Amino acid sequence: MSDHTTSAPLPRPGGLASRAAAQPAAGYLQGLNPEQRQAVEATDGPVLVLAGAGTGKTRVLTTRIAHLIATNRAYPSQILAVTFTNKAAREMKERVANLVGPVAEGMPWLGTFHSISAKLLRRHAELVDLRSDFTILDTDDQIRLMKQVIQAEGIDEKRWPGRMLAGFIDSWKNRGLAPKDVPPGESGVFASGKGGKLYAAYQERLKTLNAVDFGDLLLHCLTLFREHPELLASYHERFRYILVDEYQDTNVAQYLWLRLLAQGRRNIACVGDDDQSIYGWRGAEVDNILRFEHDFPGATVVRLERNYRSTGHILATAAKLIARNEGRLGKTLRTEDEAGEKVTITGAWDSQEEARLISDEIEAMQSKGENLSEVAILVRISAQMREMEERLIHVGVPYRVIGGPRFYERAEIRDAMAYLRCVVSPTDDLAFERIVNVPKRGLGDATIQLLHNHARATGFSLMQSARAVVETEELKPKARTTLRELVEAFARWQSKAEAMQQGELAELVLEESGYTEMWQKDRSADAAGRLENLKELVRSLDEFPDLPSFLEHVSLVMDADSGDGGARVSIMTLHAAKGLEFDTVFLPGWEEGLFPNQRALDENGRAGLEEERRLAHVGLTRARKRLKLYFASNRRIHGLWQSSLPSRFIDELPEDHVEVVQAPTAYSQGGYGASRFERMESFGSSYQTPGWQRAQENKAKFGSGGSSGFSDAGQRGFGSGRQRGPMLIEGELTAKSTGTSAYDPGARVFHIKFGPGSVASVDGNKLTVDFDKAGRKMVLDSFVQKAG
DNA sequence: TTTGCGGTTTTTTTT
DNA sequence: AAACCGCAAA
């Protein structure tokens with residue numbers, strides 16, 4: 001979508017004159033289609049905007065804010081606008097400023113659920129038993145803390161890892177459940193009945209540490225609102241209008257949070273797309289959007305269905321796919337664009353060929369002078385990225401990977417932060433523990449354990465305990481000296497903190513602690529990058545008035561550097577691609593098991609499948625002009641070669657809008673050609689009808705007995721409909737039907753990829769084979785045949 | 001206390 | 001295949 005709207009002349013809030021001036025379609029309203037305009041102008045009461053992909057959702061949101069301000073309905077400071085990501089918040093802020101001018105700089109309540117919650121909590125911390133300088137823990141801190149709690153309860157940490165408890169607690173918090181609210185049945189799932197107890201113990205630990213985790217930010221706010229109605233009422237007064245972006249991604253806690261705040265004036269506008277709900281696995285409730293009209297009776301519902309992004313074929317393809325989902329409110333995207341190029345589907349022999357085909361296309365585009373920053377490769381799982389990267393490096397196409405660890409999740413940033421946290425608040429035990437032996441100083445578990453014991457006995461913090469213990473004979477002289485030096489160093493830094501610029505201070509701390517030196521000495525490849533990150537951290541430090549506000553910024557808001565603006569192909573997961581668009585989109589790996597992902601299917605059945613389909617829909621709708629799908633018949637998963645079938649999603653695409661492309665490779669000749677041709681036939685003629693599919697399934701039941709044989713393996717590779725049916729990876733299917741392997745050690749075998757070899761050992765259906773050319777590999781027996 | 005070996009695990013990811 | 005974790009040896 002392009003916004004060429006000029007900013008409206010800026011009416012000053014307060015005068016009747018400006019309200020009158022806004023009457024004949026103010027500038028910012030121009031260029032909106034009727035639905036968009038309705039979504040903007042329905043200012044009062046609950047509003048649900050169902051905004052399909054590429055229908056101008058952000059534009060509606062920002063224009064709506066501009067409209068509220070321009071018509072004097074609210075001051076910027078009276079509008080609460082919530083997003084999920086910092087990126088979305090930033091973008092919205094920018095675009096509102098473009099429409100309304102610097103007045104928008106106010107917008108103090110435009111932010112993520114978490115940052116707004118943190119802001120509220122800092123103001124009223126004492127009401128929920130916190131001090132206003134509480135620390136916000138990230139996932140890593142959480143898990144370390146959980147481990148401690150689990151150990152303290154004397155539970156086998158192996159059987160019940162901290163990570164798992166974190167998962168449980170997180171999902172409880174997502175649903176707005178405090179320890180006492182957890183249903184008994186569920187709290188018993190973890191550690192034979194101790195789940196709820198551990199949750200309570202963890203919350204207790206957080207309280208003594210004066211810390212909260214991400215989930216708590218929301219949960220404590222709920223407590224705050226519920227237990228202090230007068231406070232809630234004051235926020236009703238303040239927040240005249242509430243706007244919510246990506247409503248389909250809200251979890252129960254966020255929903256309750258919104259409902260409490262919206263209760264007062266009921267001016268809440270939620271924008272979302274049920275067809276783009278792809279975060280169910282982390283607690284998002286599509287139901288929130290499906291239920292909106294029920295929760296807010298009398299709501300105005302606006303559907304945005306006119307797509308401004310993709311050409312006809314692409315849009316039709318996406319629409320047809322998503323129509324297969326049952327749990328949806330139903331929208332039909334339409335475009336006035338030309339039909340454009342058909343969507344292509346290309347089968348590759350294996351994932352390497354797939355990568356090669358994609359890189360060839362990109363090189364061709366590059367030589368035609370197309371802009372590589374308008375090209376994206378979107379994958380289902382990050383494991384697919386490596387192969388693509390290797391290939392692009394090989395052919396010298398510049399690329400960038402989007403996603404990956406956030407800036408503040410990187411070890412070096414977290415270490416540096418821990419040092420600073422110790423300087424700012426010496427009672428921060430988690431921070432102290434993190435850096436007490438980083439760089440290695442010889443203060444290991446034994447020392448820490450001693451400090452812990454002392455701290456528990458006296459009620460001191462670890463730092464205080466260290467100070468005390470250093471004066472005793474309890475530690476070996478060496479450890480004692482080192483620890484004393486560390487404690488003294490912190491005392492020194494604290495005394496300097498007042499007088500110094502925080503950037504300088506940070507540099508000093510990192511230098512004197514030996515932390516910088518640690519990375520300078522490190523010879524590993526990423527050490528230089530880490531030092532660079534540390535520099536970046538120090539640089540950004542001076543943009544903040546003081547250290548505490550910086551720490552808050554880093555733990556909640558700071559993003560990884562988005563890289564330079566050079567023209568590069570983008571590689572990312574489908575999840576990371578939501579909200580983005582590109583002229584050309586490559587979608588590799590459309591295979592059963594990978595996409596739809598087997599695990600999603602196993603764990604969530606039908607709902608899982610529908611979420612995968614929404615993910616596919618998100619992928620398809622990222623493309624403006626060219627959309628290219630790929631599947632590979634063989635892919636290495638966890639080190640084993642697995643044969644795979646084309647994704648069922650491919651069969652669900654409308655044949656009029658897609659085109660099957662023959663891969664121009666060596667494999668198209670010889671034995672494989674025939675089976676591929678079969679696939680083409682089936683795709684073109686009959687794949688759509690349920691009856692045909694059923695027939696294929698029956699055929700598969702009778703026809704798939706054999707586990708060896710060259711031609712059989714060839715058909716597996718490319719025959720799509722032929723073996724349609726259970727969504728198993730081919731190898732597993734064979735393993736189940738065959739039972740034990742038909743091969744003995746010493747047997748000569750032939751593998752379609754690795755050629756001839758001898759069986760070295762047999763383990764169920766897995767063979768270890770010494771191939772004459774390829775060396776020793778582990779393969780499934782279904783991929784080899786007996787050979788002489 | 002540290003290092004290295006072996007056994008295990010393997011989606012998606014924001015705050 | 002690779003990364004991660006816990007444990008045992010140096």
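Naming convention: chains lettered A, B, ... in sequence-line order (proteins, then strands); numbering from 1 in each chain. The structure presented is a predicted model; accordingly, all values stated were derived computationally and were not measured. Because only heavy atoms are used, hydrogens play no part in the values below, and waters and symmetry mates are left out as well, while side chains stay in.
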What's the closest nucleotide to the [X] side chain, out of [options]?
{"X": "Tyr279(A)", "options": "dA2(C), dT13(B), dT15(B)", "result": "dT13(B)"}
{"X": "His575(A)", "options": "dT11(B), dT13(B), dA3(C)", "result": "dT13(B)"}
{"X": "Trp281(A)", "options": "dT11(B), dT15(B), dT13(B)", "result": "dT13(B)"}

With sequence neighbours excluded, tell me which residues meet side chain to side chain contact (heavy atoms under 4.5 Å, CB included) with [X].
{"X": "Ala446(A)", "answer": "none"}
{"X": "Asn604(A)", "answer": "none"}
{"X": "Lys478(A)", "answer": "none"}

query: Is Phe84(A) stacked on the base of dT15(B) when the test is centres under 5.5 angstrom and planes under 30 degrees?
result: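 Given the distance and angle limits, no, they do not stack.
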- [ ] Just call it for Glu603(A): base, sugar-phosphate, or nothing, with non-hydrogen atoms closer than 4.0 Å on any strand.
- [x]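 Answer is base: heavy atoms of Glu603(A) come under 4.0 Å of a base.
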Taking any heavy-atom pair under 4.0 Å as a contact, classify Thr139(A): base, sugar-phosphate, or nothing.
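Counting heavy atoms under 4.0 Å across all strands, the contact made by Thr139(A) includes a base.
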Name every residue in residues 606-614 of chain A that has at least one heavy atom under 4.0 Å from any atom of DNA chain B, in order of residue number, or write none if there are no such residues.
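Hits under 4.0 Å, by residue number: none.
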Taking only residues two or more places apart in sequence, or in another chain, which ones meet [X] in a ring-ring contact (aromatic ring centres under 6.0 Å, His included)?
{"X": "Phe550(A)", "value": "Phe544(A)"}
{"X": "Tyr255(A)", "value": "none"}
{"X": "Trp590(A)", "value": "Phe595(A)"}

(message) Please verify the inter-ring angle class for Trp257(A) with Phe113(A); under 30° counts as parallel, over 60° as perpendicular, anything in between as tilted.
(response)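 Ring orientation of Trp257(A) relative to Phe113(A): perpendicular.
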Review point. With a cut-off of under 6.0 Å to the ring centre and 45° to the axis, is Arg282(A) in cation-pi contact with Tyr279(A)?
Key: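 Yes, cation above the ring, under 6.0 Å and within 45°.
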**Request:** Nearest whole angstrom, please: distance from the P of dT11(B) to the CZ of Arg599(A).
**Result:**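 For the pair Arg599(A) CZ and dT11(B) P, the rounded distance is 5 Å.
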### Message
Tell me whether the side-chain N/O atoms of Thr573(A) come closer than 4.0 Å to OP1 or OP2 in dT13(B).
### Response
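The answer is yes; a side-chain N or O of Thr573(A) sits under 4.0 Å from OP1 or OP2.
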Dump the pairs, protein N or O against N or O of nucleotides 4-8 of chain C, anything under 3.5 Å, distances to one decimal.
none

Item to check | For Arg606(A), all residues meeting salt bridge (Lys or Arg N to Asp or Glu O under 4.0 Å), sequence neighbours excluded | outcome: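 Per chain and number, Arg606(A) pairs via salt bridge (Lys or Arg N to Asp or Glu O under 4.0 Å) with Glu326(A), Glu610(A).
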(message) Could you work out, with salt bridge (Lys or Arg N to Asp or Glu O under 4.0 Å) as the rule, every residue matching Lys207(A), not counting sequence neighbours?
(response)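 For Lys207(A) the salt bridge (Lys or Arg N to Asp or Glu O under 4.0 Å) partners, ignoring immediate neighbours, are Asp129(A).
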Quick tally for nucleotides 1-9 of chain B: nucleotides whose base has a protein heavy atom under 4.0 Å get B, sugar-phosphate-only ones S, the rest -, giving SSS------
Show the atom names and distances, to 0.1 Å, of all donor-acceptor pairs under 3.5 Å that link a side chain in residues 139-146 of chain A to residues at least two apart or in another chain.
| unit_1 | atom_1 | unit_2 | atom_2 | d |
| --- | --- | --- | --- | --- |
| Asp140(A) | OD2 | Arg414(A) | NH2 | 3.2 |
| Asp141(A) | OD1 | Arg144(A) | NH2 | 2.9 |

*If we take the C1' atom in both dT11(B) and dG6(C), what is their distance in whole Å?*
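Nearest-Å result for dT11(B) against dG6(C) at atom C1': 25 Å.
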